[in-house]
J.: 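Dropping a structure here in structure tokens format, bear with me for questions.
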Amino acid sequence: MTGRFAPTPSGRMHIGNVYAMLGAWLSARKSGDSIRLRIEDIDEPRVVPGAAETMMRDLEWLGLGWDDEPVFQSSRHALYQEALELLSKLSFDEISDIISTGSNDSKPCSTTAGNEAATSEATPLIYPCFCSRADIRAASAPQEGDRFTVYPGTCRRLIASEPQRAKQRLANNDRHSMRIATADTTITFHDEVFGTQQYNLAHDIGDIIVRRSDGIYSYQLAVTVDDLDMGITDIVRGRDLLRSNALQIYIRKALINAGFKPSEPTQPFHPADGSNKPDDVTISYAHLPLIDNAAGQRLAKRERSLDLGILTAHGATAQQIIGYCAWLLGLQGDLKHTKPQPMSADEALGVFSWDAVRANTSDRTLDQGEFNAYFGL
Ligand code: GLU
């Protein structure tokens with residue numbers, strides 16, 4: 001198995017980032033696996049100069065080492081373009097048949113069939129979308145819950161009903177993103193923390209953007225290409241990405257069916273007897289509870305008191321930070337009845353198990369007073 005750290009270098013790491021990195025490191029090291037570092041700097045406007053280098057120093061200082069050379073998404077545009085070109089050769093019907101019949105299903109990411117929309121016949125898997133955000137808002141039902149907007153399908157219908165008009169708009173160089181058409185199909189996978197997960201691609205996720213109108217490849221495309229290309233089989237991250245995981249399983253299957261060849265395959269890709277399909281690989285998924293502040297807001301980089309720059313300036317040690325994150329993971333016992341204790345990354349490895357983490361799947365509430373007292377702030 002191969003795990004990964006996948007930080008976005010948009011600022012100094014905070015406690016929430018270390019918690020996720022520690023989870024990924026423990027999962028990989030517990031089974032004696034390697035762990036790769038991938039700097040997710042694809043969204044250049046969000047990247048803070050020097051943040052990647054600071055992250056690497058912070059990870060090493062914390063005792064969370066990685067294997068091999070770090071991979072930078074910003075140097076992989078050609079790979080994402082190649083992947084998108086391969087996907088663009090597929091028709092939606094082709095891929096939705098494969099997904100629905102589960103003809104090359106792999107455990108734990110199996111799929112079950114749903115009903116295909118009658119209008120989807122002429123849809124290519126990847127299609128241009130000319131909608132602005134305002135267009136999408138206007139055509140969408142009011143948002144609920146986590147404010148995830150499912151794309152209402154405007155341009156997918158345009159391409160099915162008026163393909164010439166879409167071609168004309170492309171010829172006119174009209175500003176457009178590229179989307180992947182999702183099937184009315186349920187993706188099922190097992191999560192180490194949250195158990196069996198099921199998402200209907202069309203209803204719960206919709207046709208998401210794979211290349212933005214500014215030319216930037218989307219997180220969803222880049223991360224799926226990278227995990228496949230780098231042979232990643234152990235994925236640990238926040239539970240806000242559970243739904244994305246279903247989508248990434250779909251994109252991964254599409255990439256494999258389009259003939260994408262990973263540079264670090266986890267299995268022989270074309271064994272002579274044809275017995276081994278590339279997605280026979282078992283991938284372990286673990287999505288961690290999130291960390292909220294006492295007001296129920298998600299930890300964000302703007303919570304400066306939680307960032308490693310501030311903590312280390314106040315003399316926080318690596319053991320204190322790792323101990324706090326190990327406690328948040330549930331590795332020091334019941335969160336309600338224990339107080340965090342400093343420990344090294346290797347000590348955390350000694351007490352790590354997914355059983356301990358899944359004993360409490362609620363989001364963690366970080367009490368600023370207790371946090372300050374622990375770190376002596
Ligand atoms: N780069 C993402 C982040 O920093 C993580 C993405 C992933 O693990 O798939 O939140």
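Counting starts at 1 for both ligands and their atoms, in listed order. Heavy atoms only: backbone and side chains are in, while hydrogens, waters and symmetry mates are out.
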J.: State plainly whether the residues D229 and R76 are in salt-bridge range, i.e. N to O under 4.0 Å.
T.: yes

J.: Considering the heavy atoms of E40, write down every atom of ligand 1 situated less than 4.0 Å from one of them.
T.: 1 (N), 2 (C), 5 (C), 6 (C)

J.: Between CG of L247 and CG of L201, what distance do you get to the nearest 0.5 Å?
T.: 7.0 Å

J.: Identify which of Q248, M21, R4 has a heavy atom lying nearest to atom 7 (C) of ligand 1.
T.: R4

J.: Just jot down the ligand 1 atoms closer than 4.0 angstrom to any heavy atom of R237, in number order.
T.: 7 (C), 8 (O), 9 (O)

J.: Between T8 and ligand 1, find which residue part has any heavy-atom pair under 4.0 Å and reply side chain, backbone, both or neither.
T.: both

J.: Could you tell me, atom by atom, which parts of ligand 1 come under 4.0 Å of a heavy atom of V223?
T.: 9 (O)

J.: If hydrophobic clusters are built from ILVMFWY residues whose side chains come within less than 4.5 Å, do Y374 and W327 share one?
T.: yes

J.: Taking only heavy atoms of Y219, which atoms of ligand 1 are found under 4.0 Å from at least one of them?
T.: 6 (C), 7 (C), 9 (O)

J.: Please indicate whether any nitrogen or oxygen in V236 is less than 3.5 Å from any nitrogen or oxygen in ligand 1.
T.: no

J.: For the side-chain hydrogen bond (donor to acceptor under 3.5 Å, both in side chains) test, which of R252, R36, Q248, R38 pairs with D227?
T.: R38

J.: Ion pair present between R239 and D191, side-chain N to carboxylate O less than 4.0 angstrom?
T.: no

J.: Can you see whether Q319 engages S344 through a side-chain donor-acceptor pair at a distance of less than 3.5 angstrom?
T.: no

